[in-house]
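All values derive from a computational prediction rather than experimental measurement. So you know, we letter chains A, B, ... as the sequences are listed, proteins then strands, and number each from 1.
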Amino acid sequence: MEPVTKTETLDIEGMTCASCASFVEKSLSRTPGVQRAMVNFATEKATVDYVPTQASPATLKEAVINAGYGVVERAPDTSAAERSAEIDRQKAVAYQKLKRRFGVAVGLALIIMPLSMLMLWPAIMQRINMQWLNYALLLLTLPVLLYCGREFYVSAWNGFKHRAANMDTLIAVGTGAAFLYSLAATVVPGFFTSRGLMPEVYYDTTATIIALILLGKVLELRAKTQTSAAMRSLIGLQAKTARVVRPDGAEVDVPIEQVQLGDLVVVRPGEKVATDGLITEGSSALDEAMLTGESLPVQKQVGDPVFGATLNKTGSFRFRVTKVGADTMLSQIVKLVEDAQGSRAPIQRLADKVSAIFVPTVVVIAILTFVLWFDLAPAGTRLPLALVNFVAVLIIACPCALGLATPTAIMVSTGKGAEHGVLIRNAEALEKAYQVNTVLLDKTGTITKGEPSVTDFWTLPGQEAGQLLQVVAAVERQSEHPLAEAVVRHAEAQGGANLPATGFRAVEGKGAAATVNGQVVLIGNRRLLADEGVSLSPTLITQAEQLLGQAKTVLYIAVAGQAVGLIGVADTVRATSAAAIKKLQALGIEVVMMTGDNAETAAQVAGQVGITRYFAEVLPADKAGKVKELQAEGRTVAMVGDGINDAPALAQADIGLAIGSGTDVAMEAAGITLMRSDLGGVVTAIELSRQTIRTIKQNLFFAFVYNTLGIPVAAGLLYPFFGILLSPMLAAGAMALSSVSVLTNSLRLRSFNNH
Amino acid sequence: MDTPAIMVTVIGLALAGFVLWYFFFSARQTANAVSSSSGVQEVAITVKGGYSPDVIEVERGKPVQLSFYRDEENSCSEELLMPDFSIRRDLPAFKTTLVELLPKEAGTFTFTCGMGMLRGSLVVK
C-alpha cells in the first residue's frame with residue numbers, strides 16, 4: 001500500500017535571501033521520510049509532505065535548525081471561535097454604549113419637544129420670557145449634541161480630513177446647521193429682529209434628529225448582528241475538548257488546541273467528534289447535518305472518515321486524527337463562507353458607484369436648496385425656510401440603505417446555505433445561479449450513486465469464468481476508473497489468485513489493456529474493441545444488447561484478440577434524484593443529462609428520473625463542449641458534477657455545482673459546493689439564490705426610490721404645487737427606518753427552508 | 001435680488017464648488033508599500049474617518065500585508081471590504097488587524113468600509 005503522507009507547514013525564520021530558502025528546502029528534502037519540501041521565501045513558509053511513520057514535525061524542525069534557521073512556533077492559532085467571541089464582546093460593549101446614548105437623547109428630546117411647542121399656546125407664552133426659554137432649551141440640547149451625537153461630529157471631521165464623506169457628514173452638517181442657527185438666535189436675537197426676522201430656534205429639530213438617528217443605529221446594529229448568526233453558530237459548533245488515548249492506554253480530556261495529528265481520540269455516544277479523522281475501531285451512526293445538511297444519521301465503520309463538530313449518535317468508536325485547526329472540514333466551510341461574505345455581487349455595482357459619490361453630491365444639492373429657497377421665498381421667512389429644507393435634504397439622504405442592500409442579503413443567505421450544506425463560493429456565484437434556466441447533470445455520481453457494481457458476468461462457452469474474472473481483475477487493479485474498481489471488488493469477493501499484469505495502458509473514455517499470463521487482455525467498451533480490431537460474435541452482441549436494455553453498462557473482454565465475455569455493471573439511481581429533478585423542472589428549469597455511457601443506458605436512467613433530453617457517450621474531454629453547446633442555444637447553464645473530469649465543464653458552465661463527495665479539483669472549479677451527495681442541494685442552491693437576488697432587488701429598489709424621491713421632496717419640490725414641505729424631524733424618522741427596513745427584509749431570508 | 005440674496009448665492013455656489021473639488025478632484029495621499037526583508041510588501045494604514053494613506057501602490061505577484069489600525073470607535077469603519085480579494089474583516093477599535101493577500105493581476109482594486117462610503121484603493125503595478 002502507498003504510504004499515507006501528511007503535510008506540515010512551518011514558519012521559517014532567519015531567511016534573508018532566496019538561496020537561504022533553497023538551503024532550507026534541501027535540508028528538509030534530505031530528511032528521511034520527507035517526500036517533498038517547498039520553501040517560499042516571500043511568505044517565509046515551508047510546506048513539507050512527509051510519511052508520518054518516518055518523520056514528524058519535530059524531525060522537520062530539527063532539519064531546519066540544522067540548516068541554520070529557525071522555526072517559529074506558531075502561537076496556538078487563536079481559533080475562529082475565540083476571534084469571533086472577542087469581536088462579539090466588543091460589539092456588545094459598543095451596543096450598550098449606543099443604547100445609553102440613545103436613552104439620554106430620547107429623554108432630553110422628550111423634554112425639549114413640549115417646551116418648544118409652548119409657543120403654540122399664546123396664553124402661556126405671554127407669561128414666559130422667550131429669551132430664558134431659549135437658553136433653557138440650549139442647555140438641554142447641549143448634552144444631546146456633545147454626548148449623544150458627538151460621534152457624528154468627530155466622524156464627520158475625521159472624514160473631512162480624509163476627503164471622505166459618509167452618512168455622519170450629512171447628520172453632522174444638518175444638525176450642526178440647525179443648532180448653530182438656533183444658537184445665534186438665542187445669543188443675539190437682536191440681529192434677527194432688526195432685520196424683520198423672528199429669532200426662531202430649532203433645538204427640538206436638532207435633538208429629535210439625533211435621537212431618531214440613534215434609534216436607527218440601535219435597530220441597525222441589532223439586526224446586523226443577526227445577519228451573521230448562522231456563521232457564528234457554525235463556528236460555535238466546534239468541540240472544546242477531545243478525549244485522547246495516551247500511548248499507555250489512559251484516556252485524557254485535552255483542550256482541542258492541543259490535539260495533534262496522529263492522536264487517537266475516543267468518542268462516546270452523544271458526544272461531539274472533536275476534529276477530523278479516520279475511524280480505527282468501532283462503528284456508529286453520526287449526525288452530520290451541521291456540515292452537510294443531511295438530516296439522517298450516517299453509518300460509519302472502521303476506515304471511514306469522521307468530521308469535527310458532527311454528533312455521534314449510537315456507538316462508541318476511536319479515530320486517528322488526520323486534520324486539526326484550520327485544515328478541518330468545519331474550518332474550511334467557515335473560511336469559504338467568510339470569503340463569500342467578503343465578495344461583492346455584480347448587482348451591487350451600480351449601488352457602489354452611487355455610494356462613492358453620494359454624500360458630496362447630497363451636500364451640493366443641500367447647498368443649492370438653501371440658495372434657491374433663500375432667493376425665492378418671501379423675505380420674512382426665507383432664512384428659516386432655506387435652513388429647514390437644507391437640513392431636511394441632508395438628513396433624508398441616508399446612504400445606509402443603499403450600502404446595506406446587497407451585503408446583508410449575501411451575509412444571511414451564505415450562512416443559511418451553509419446550514420443546508422450548500423457552500424457558495426462568492427456573491428457572483430449566487431447571482432449566476434439565479435439566472436440559470438438549464439441544469440446539466442453528470443449522470444454518474446450525481447444522478448446515480450456513482451458506485452457501480454458488477455451485476456452480470458457472462459462468458460462465451462468454453463471459457464472458465466472464475467479464471468477469466470481473475471485475469472480481468474488483474475488488469476482492472478491497475479486502473480483508477482470506478483468501473484474497474486467495481487470489477488476488482490467483484491473479483492475479490494469471489495476470492496482467488498492475485499495475478500500480475502504488465503504493460504498496463506488506459507485508453508481514455510474507452511477502457512484499458514494489459515498483458516496477463518502472456519496474453520493481451522482488453523477490457524472496455526465496444527469502441528475499444530473495434531479500435532483494436534477485435535470483432536464480436538453474434539451471441540456476444542445479443543447478450544450485450546440484453547444487458548444494455550436493462551440500463552447496464554457493458555464491459556467487453558477480449559483475450560489475445562478474441563472477444564470472450566461481457567461484464568454488466570449497473571449504477572443505481574439515488575433515491576432522491578427523481579424528486580429533485582421534478583422540483584427543478586417545477587422551477588421552470590430544463591434538466592439535461594450527460595453521460596459517458598451508451599445511448600441505451602442513458603435513456604434508461606433518464607427515463608427513470610424523468611429527464612427527456614440527454615447526451616450519451618460523451619467523452620470526458622467533450623463535457624465542457626456540451627456545456628458550450630447548450631450555452632450556444634442561449635441558455636444559462638448550471639453544471640452539476642463530482643469528478644476530476646468534470647472540472648473543465650464545471651468551469652465552463654455559467655455556474656458549476658460540485659457534489660461534495662467529489663474531488664477537490666471539482667470543488668475548486670465550482671462556484672457552489674454541495675456537501676450532501678444528492679441533487680436536493682441543487683434545488684436548495686437555486687431556490688436560495690432566487691430568493692436572495694429577489695431580496696437584493698427589493699432592497700436596492702427601496703433604497704434608490706427612497707433616496708431619489710426623498711431628496712426632491714425634502715428640497716421642497718412639492719411646495720410650489722401642493723404646499724408640502726418635509727420636516728427635518730420626519731426626514732430623520734424616515735431615514736432611521738430606511739436602513740432598518742432593508743435589514744429586516746434581508747433577515748427574512750433566515751426563514752428560508754426548502755424542505 | 002437684494003444684497004443678502006446675492007451674497008448667499010455667491011457663497012453657496014462657491015461652497016458647492018469647493019465641496020465638489022475637495023471630495024472628487026483634489027490630490028490623494030499615495031503610498032508605496034515597503035518590502036520587508038522577506039519580500040512581503042508591508043503597508044500600515046490608519047483608519048480614522050477614512051484610510052490614510054488611501055491609495056497604496058504595490059507590485060504584482062508579491063505577497064502584500066496591509067495592517068489596518070482602527071483609531072476610532074465610530075461604527076462606520078468597523079468593517080473592511082476588499083471584494084476583489086473576497087475579504088471581509090471586522091476591524092476592532094484601537095487594534096491592528098492584518099490583512100494578507102497576493103495580487104496576481106495589475107489594476108486598481110478598491111477597498112471600502114462595509115457600506116462603501118469610506119474608500120481607498122490598492123494599485124497593483
Side-chain angles (χ1 to χ4, degrees), chain A residues 15-16 41-44 86-87 90-91 94 97-98 151 154-168 195 217 221 338-344 348 351-352 355-361 363-364 367-368 370-371 374-375 379 382 386 399-400 402-404 407 411 425-427, chain B residues 1-2 4-6 8-13 15-17 19-20 22-24 26 28-29 37-40 48-52 54 61-63 71-90 92-93 95 100 102 110 112-120:
Chain A
M15 296 191 295
T16 52
F41 171 58
T43 57
E44 298 181 306
E86 165 63 20
I87 286 170
Q90 274 214 4
K91 281 188 174 167
K97 272 191 195 168
L98 184 63
E151 185 186 297
V154 173
S155 161
W157 176 243
N158 286 336
F160 184 77
K161 283 194 294 187
H162 286 91
R163 293 159 211 261
N166 53 36
M167 68 169 271
D168 291 341
R195 284 163 176 77
K217 283 215 160 196
L221 206 64
E338 275 177 350
D339 281 358
Q341 295 185 334
S343 67
R344 191 151 276 203
Q348 174 80 354
D352 273 353
S355 293
I357 57 162
F358 195 81
V359 174
T361 310
V363 173
V364 169
I367 293 171
L368 297 179
F370 186 96
V371 170
F374 194 88
D375 289 352
R382 63 183 181 182
C400 301
L402 209 55
L404 291 172
M411 292 274 276
R425 188 166 288 275
N426 52 41
Chain B
M1 261 208 230
D2 55 5
I6 293 169
V8 164
T9 309
V10 171
I11 294 172
L13 290 178
L15 213 54
V19 168
L20 290 178
Y22 187 74
F23 287 106
F24 296 139
S26 60
R28 298 269 144 178
Q29 192 185 354
S37 59
S38 55
V40 179
K48 193 175 183 184
Y51 304 103
S52 49
D54 61 359
K62 280 188 188 170
D71 194 16
E72 65 180 352
E73 266 186 306
N74 184 300
S75 61
C76 269
S77 58
E78 72 186 359
E79 251 182 352
L80 171 79
L81 259 182
M82 305 186 84
D84 297 299
F85 300 95
S86 274
I87 291 170
R88 174 188 292 272
R89 271 312 140 73
D90 278 299
K95 288 209 168 117
E100 276 143 358
L102 183 68
T110 312
T112 68
C113 67
M115 278 192 215
M117 304 303 302
L118 312 181
R119 305 175 85 83

Indicate whether any N or O donor in one side chain lies under 3.5 Å from an N or O acceptor in the other, for B/Thr9 and A/Asp375.
->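 Yes, a side-chain donor-acceptor pair sits under 3.5 Å.
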Closest heavy-atom contact between B/Gly114 and A/Pro407?
->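 Nearest pair, atom of B/Gly114 first, then A/Pro407: O-CG, 4.2 Å.
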What are the two closest non-hydrogen atoms of B/Arg88 and A/Gln341, and how far apart are they?
->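 In terms of heavy atoms, the two residues are closest at NE-O, 2.5 Å.
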In chain order, what residues pass the ring-ring contact (aromatic ring centres under 6.0 Å, His included) check against B/Tyr51, with sequence neighbours excluded?
->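 So B/Tyr51 forms a ring-ring contact (aromatic ring centres under 6.0 Å, His included) with B/Phe111.
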Would you please name every residue forming a ring-ring contact (aromatic ring centres under 6.0 Å, His included) with A/Phe370, sequence neighbours left out?
->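 Expected list: A/Phe390.
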Measuring from A/Ile367:CD1 to B/Leu20:CG, what's the distance to the nearest 0.5 Å?
->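 Interatomic distance, A/Ile367 CD1 to B/Leu20 CG, rounded to 0.5 Å: 8.5 Å.
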Measuring from B/Asp2:CG to A/Arg382:CZ, what's the distance to the nearest 0.5 Å?
->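 Answer for the CG-CZ pair, B/Asp2 versus A/Arg382, is 4.0 Å.
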With a 4.5 Å limit on heavy-atom distance, are the side chains of [X] and [Y] in contact?
{"X": "A/Val154", "Y": "B/Glu72", "value": "no"}
{"X": "B/Pro4", "Y": "A/Phe374", "value": "yes"}
{"X": "B/Phe24", "Y": "A/Thr361", "value": "yes"}
{"X": "B/Leu13", "Y": "A/Leu368", "value": "yes"}

Below 4.5 Å from any heavy atom of chain A, which atoms of B/Glu78 appear? Answer side chain, backbone, both or neither.
->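 Contact with chain A is through the side chain of B/Glu78 alone.
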Would you mind checking which part of B/Leu81 comes under 4.5 Å of any heavy atom in chain A, side chain (CB onward), backbone (N, CA, C, O), both or neither?
->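 Just the side chain, heavy atoms under 4.5 Å.
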Top contributor to chain B contacts, counting heavy-atom pairs under 4.5 Å, from A/Val359, A/Asp168, A/Leu221 =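 Most heavy-atom pairs under 4.5 Å with chain B: A/Asp168.
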Options B/Ser86, B/Gly17, B/Ser52, B/Ser77, ranked by heavy-atom pairs under 4.5 Å with chain A, top entry |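 Answer, by heavy-atom pair count under 4.5 Å with chain A: B/Ser86.
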Could you tell me whether A/Lys97 and B/Glu73 make a salt bridge, using a distance below 4.0 angstrom between a side-chain N and a carboxylate O?
->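 The answer is yes: the pair qualifies as a salt bridge.
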Has the side chain of B/Tyr22 got a donor or acceptor atom that lies under 3.5 Å from a matching backbone atom of A/Phe160?
->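 Pair found, side chain donor or acceptor close to backbone of A/Phe160.
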Taking A/Arg163 for its side chain and B/Phe23 for its backbone only, find out whether a donor-acceptor pair lies under 3.5 Å.
->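 Between the backbone of B/Phe23 and the side chain of A/Arg163 there is no qualifying donor-acceptor contact (under 3.5 Å).
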Check against side-chain contact (heavy atoms from CB on, under 4.5 Å), A/Gln90 and B/Asp90 | CA-CA 11 Å; A/Gln90 274 214 4; B/Asp90 278 299; over 6 Å; no
Please look at A/Ala94 and chain B and tell me whether the side chain, the backbone, both or neither of the residue comes under 4.5 angstrom of a heavy atom of that chain.
->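 Interface part for A/Ala94: neither.
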